[in-house]
Amino acid sequence: MNPSKRVQKLRELVNYHNYRYYVLDDPEISDADYDRLMRELAQLEAEHPGLVTADSPTQRVGAAPAEEFAAVAHAVPMLSLGNAMNEDELRTWYEGIVRQLGETIELYAEPKLDGLAVELLYQNGSLVVSSTRGDGFTGEDVTSNIRTIRSVPTRLVERENNAPALLEVRGEVYMEKKRFEEMNRARAEAGETLFANPRNAAAGSVRQLDPKITATRPLDIFLYGIGRVKGVAGRKFKTHSESLDFVRSLGLRTIREGRTCKSLEQAVDYYHQMQQNRDQLPYEADGVVLKVNDLAQQLELGERARSPRYAIAGKFPPRRQTTVLRDIKVQVGRTGALTPVAELEPVRIGGVEVRRATLHNEDEIARKDVRIGDTVVIQRAGDVIPEVVTPVTTRRKGRRKRFTMPTKCPVCGADATRPEGEAVRRCVGIACPAKLKGTIEVFASKAAMDIDGLGTKLIEQLVDNGMVTDPAGLYSLKLEQWAGLERMADKSAQNILDQLEASKERPVGRVLLALGIRNVGAHVSDVLASHFGGIDAIMNASAEELEEINEIGPVVAQSVVNFFRDKANRSVIERLRNAGIRALSRKRAAEPKPKNGRFAGKTFVFTGSLESMTRQEASEKVRRLGGRASSSVSKNTDYVVAGPGAGSKRAKAESLGVSVISEKDFLKMCEEE
Ligand code: IVH
């Protein structure tokens, strides 16, 4: 793969996993795997500086805030830390800063807690706002949740009647290991889903929409730094440790295990000692943080793009243990991804009992040659999802069978296909119970069937109560059934029925989008709809026929074919047809296409000068192919054809996200087929 394509692919992957981790608090891969992607991306960008863009994940800190919480801007950005993976890398960092400053440096060392970074803003001694880190510049307002944490004072301790006028403190919300395990035990008894680790539990609890739920979670906080401080008469601290003393004196919780280190050797000792003692700590620590103690030196060292030079995280190596692989089970995720999961002889790793570990995907199992019954090495990397590292083949007794992935979904029996070039096998079944909530969410979403009012909470009830087993089932529910749901007034029940009725009129492209076919987004749906005119034609198209269409590549073509080949999917479509979705009606399919031509439904705007034809000729071409030529750009414009001298129209198109193409591209589009 060429570097530019690989960089793009890596960014997509990193962004996706960032979203899983930071926004959903539900990572799909281990920290180690994520770090590998990030490192590969950083490496490629270092080798090809021309490929670096401002929006690359290497150029920013986290993910965008979720929509449900208000946004809070951080006056001083909340930066991230550079990583050192071992002692040598710590030494290299230290040598670098000593060289830069040309003087000796005292360090402050403390554990790196695995939780969620927050900022607390106190005004005149009162807690007024608490926010998450978010992307480092803007976080989420989680004040009402943070207030539920007992170790967060809502008022600062008055120091000689002199609380600071303004204080921004930063720290980590976390859960103690013991309390985490107690909580998970209680959740297991109550039949609730378990949190994978203390970090996820803390992050999930802080980003809970209902503070009452947060209040039941055993959260804690440690403060490790100051953002801004104003109006503390007669108080100036020179070092980080003094600033922590000050924070502590205000009644805020700081990390007990922090140490001032006079030399690098002391700091390195600290790193090794903490690593040895990590299992005895009440909280999960994934490394230590070394900070330059002198604040003037910190300032002088300055910042890199996302992290200050004055601090570094010395990461601990992942913890490993061997145990026996009892079985390999295949799980189906919300998106239909089949994941092989190792069922293990229970083993304690770093104070946590591990019974299951991920095997990632079928290629990984084959590459590592892991077989059921093997003794295997398990690793908790970054302390998220444990993984199987390798079998201990010297302990393999007798012949053991190789594992093969099922080609049918273990949950619903539909085809589980693996597109070329992808590592993951996926269930294509639209009615698969493992995916059903997600399927219905996509079906009802604004861009698809637009069933306003049918949100996540309602969908959960419908699916959990067994009221629907596929999206078509929505159309047979009666008023009383809707009204019987929790938090549903009669009026809203009627409203949903009206919405469902209206949704029957959605055009072909949106109905297609609603089916949630992998790789078929809004644009591709429209392209397919305007090419084929009806869903039946799309359903019966071969991969070759699909690929002939401009803009449809082999990946999309194959996933459309896979989807419609599945019998269960065809019967859901039949049921949708019977429910009265107009785009699926046989009568409609018999009607002549309202407009034909490759540009049917497309609007073009020409700007700048054209070389091979006049504007008028160009507009005529568009019309002949069924499209419309317009003189002004709006969000309804599909293409802006820009030649030399294009100005404001081009800029407007770019700001609206409208595709801007060249005259050559346009001519190509006209000639194709
Ligand atoms: S200092 C400029 N100290 O690690 C960096 N961070 O990768 C300021 N963390 O977002 C951070 N324990 O959530 C610092 N003792 C500690 C920490 C700590 C955990 C987290 C923090 C931060 C992330 C940076």
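What you see below is based on every heavy atom in this structure, not just the backbone, and it leaves out hydrogens, waters and symmetry mates.
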| task | Taking all non-hydrogen atoms of both residues into account, name the closest pair between Val330 and Pro406 and its distance. | result | CG2-CD, 3.9 Å

| task | Output yes when a side-chain donor or acceptor of Asn145 lies under 3.5 Å from a complementary backbone atom of Val206, and no otherwise. | result | yes

| message | Return the CZ to SG distance between Arg518 and Cys427, rounded to the nearest 0.5 Å. | response | 12.0 Å

| field | Electrostatic pair Asp286:Arg199 at N-O distance under 4.0 angstrom | value | no

| Is there a salt bridge (Lys or Arg N to Asp or Glu O under 4.0 Å) between Arg577 and Asp536 once you walk through the steps? | CA-CA 11 Å; Arg577 199 194 304 281; Asp536 285 283; 3.1 Å; yes

| query | When you check the gap from the basic side-chain N to the acidic O, do Glu574 and Lys567 get nearer than 4.0 Å? | reply | no

| query | Between Gln494 and Asp490, does a side-chain hydrogen bond (donor to acceptor under 3.5 Å, both in side chains) hold up when you go through it step by step? | reply | CA-CA 6 Å; Gln494 185 56 50; Asp490 285 354; over 6 Å; no

| message | Could you check whether any side-chain heavy atom of Val520 comes within less than 4.5 Å of a side-chain heavy atom of Leu513, counting everything from C-beta outward? | response | no

| request: Please lay out, stage by stage, how Arg334 and Glu441 fare under the test salt bridge (Lys or Arg N to Asp or Glu O under 4.0 Å). | output: CA-CA 11 Å; Arg334 249 178 91 90; Glu441 239 170 84; 3.6 Å; yes

| note | Those residues at least two apart in sequence (or on a different chain) that pass salt bridge (charged side-chain N to carboxylate O under 4.0 Å, His left out) with Arg185 are none

| field | Between CG on residue Leu219 and CD1 on residue Ile149, distance to nearest 0.5 Å | value | 4.5 Å

| Leu576 and Phe443, any side-chain heavy atoms less than 4.5 Å apart | yes

| note | Interatomic distance, CG@Leu116 vs OG@Ser205, rounded to 0.5 Å, equals 10.0 Å

| Donor on one side chain, acceptor on other, Arg565 and Asn562, under 3.5 Å | yes

| query | Asp220 and Ser151: side-chain hydrogen bond (donor to acceptor under 3.5 Å, both in side chains), yes or no, with the steps? | reply | CA-CA 6 Å; Asp220 242 312; Ser151 46; 2.9 Å; yes

| request: Check whether more than 12 heavy atoms from other residues, nucleotides or ligands sit under 6.0 Å from atom CD of Gln8, and answer yes or no. | output: no

| message | Taking the side chain as everything from C-beta on, heavy atoms only, tell me whether Arg487 gets closer than 4.5 Å to Leu458. | response | no

| message | Rounded at 0.5 Å granularity, tell me how far CD1 in Ile496 sits from CD1 in Ile451. | response | 8.0 Å

| message | Does any part of the side chain of Asn465, heavy atoms only, come nearer than 4.5 Å to the side chain of Leu485, both counted from C-beta? | response | yes

| task | Verify whether one side chain among Tyr639 and Thr603 offers a donor that lies under 3.5 Å from an acceptor in the other. | result | no

| field | Cationic N near anionic O, under 4.0 Å, Arg380 to Asp31 | value | no

| Residue pair Asp415 / Thr417, side-chain donor-acceptor N/O under 3.5 Å | no

| query | Would Phe563 and Leu515 count as a side chain to side chain contact (heavy atoms under 4.5 Å, CB included) if you check the C-alpha gap in whole Å, the side-chain angles of each, and the deciding distance to 0.1 Å? | reply | CA-CA 9 Å; Phe563 181 89; Leu515 298 176; 4.0 Å; yes

| query | Does Asn569 reach the main-chain N or O of Ile430 with its side chain, forming a donor-acceptor pair under 3.5 Å? | reply | yes

| said: Whether Glu181 and Lys178 form a salt bridge (side-chain N of Lys/Arg under 4.0 Å from carboxylate O of Asp/Glu) is what I want to check. | reply: no

| Any donor and acceptor pair, going by atom type alone, linking the side chain of Asp566 with main-chain N or O of Ala568 inside 3.5 Å? | yes

| query | Between CD1 of Ile146 and CD1 of Ile221, what distance do you get to the nearest 0.5 Å? | reply | 5.5 Å

| query | Taking all atoms of both residues into account, what is the closest heavy-atom pair of Pro471 and Thr439, and its distance? | reply | CG-CG2, 4.0 Å

| Pair Leu462-Leu474, side chain to side chain contact (heavy atoms under 4.5 Å, CB included): steps then yes or no | CA-CA 9 Å; Leu462 293 176; Leu474 295 170; 3.8 Å; yes

| query | If you measure from the Lys or Arg side-chain nitrogens to the Asp or Glu carboxylate oxygens, is any gap between Arg356 and Glu343 under 4.0 Å? | reply | yes

| task | Take Asp452 and Lys446 through the salt bridge (Lys or Arg N to Asp or Glu O under 4.0 Å) test and state the conclusion after the steps. | result | CA-CA 7 Å; Asp452 196 23; Lys446 199 156 184 57; 5.9 Å; no

| said: List the residues meeting salt bridge (charged side-chain N to carboxylate O under 4.0 Å, His left out) with Arg575, not counting sequence neighbours, and say none if there are none. | reply: Asp470

| said: Within this structure, what is the OH-OG distance for the pair Tyr475 and Ser503, rounded to the nearest 0.5 Å? | reply: 3.0 Å

| query | Does any non-hydrogen side-chain atom of Gln558 lie less than 4.5 Å from one of Glu420? | reply | no

| request: For the residue pair Arg418 and Asn361, establish whether any side-chain heavy-atom pair is separated by less than 4.5 Å. | output: no

| message | Can you confirm whether Thr339 sits close enough to Glu28 that some side-chain heavy atom of one is under 4.5 Å from a side-chain heavy atom of the other? | response | no

| request: Identify the heavy atoms of Gln461 and Glu486 that sit nearest to each other, and give their distance. | output: OE1-N, 2.8 Å

| message | Please find the pair of heavy atoms, one from Pro340 and one from Met405, that lie closest to each other, and give the distance. | response | CD-CE, 4.1 Å

| message | Is there a side-chain contact between Leu546 and Leu528 in this structure, where contact means two heavy atoms from C-beta onward sitting under 4.5 Å apart? | response | yes

| query | Less than 4.0 Å between a side-chain N and a carboxylate O, is that true for Glu345 and Arg355? | reply | no

| message | To check you understand the geometry: which heavy-atom pair defines the closest contact between Asn519 and Val556, and what is its length? | response | O-CG2, 3.7 Å

| Step-by-step side chain to side chain contact (heavy atoms under 4.5 Å, CB included) determination, His523 to Glu551 | CA-CA 10 Å; His523 180 64; Glu551 296 193 85; 2.6 Å; yes

| Shortest non-hydrogen contact between His74 and Thr132, atoms and distance | NE2-O, 3.0 Å

| request: Show the numbers, then the answer: is there a side chain to side chain contact (heavy atoms under 4.5 Å, CB included) between Asn200 and Asn197? | output: CA-CA 6 Å; Asn200 282 15; Asn197 54 55; 3.4 Å; yes

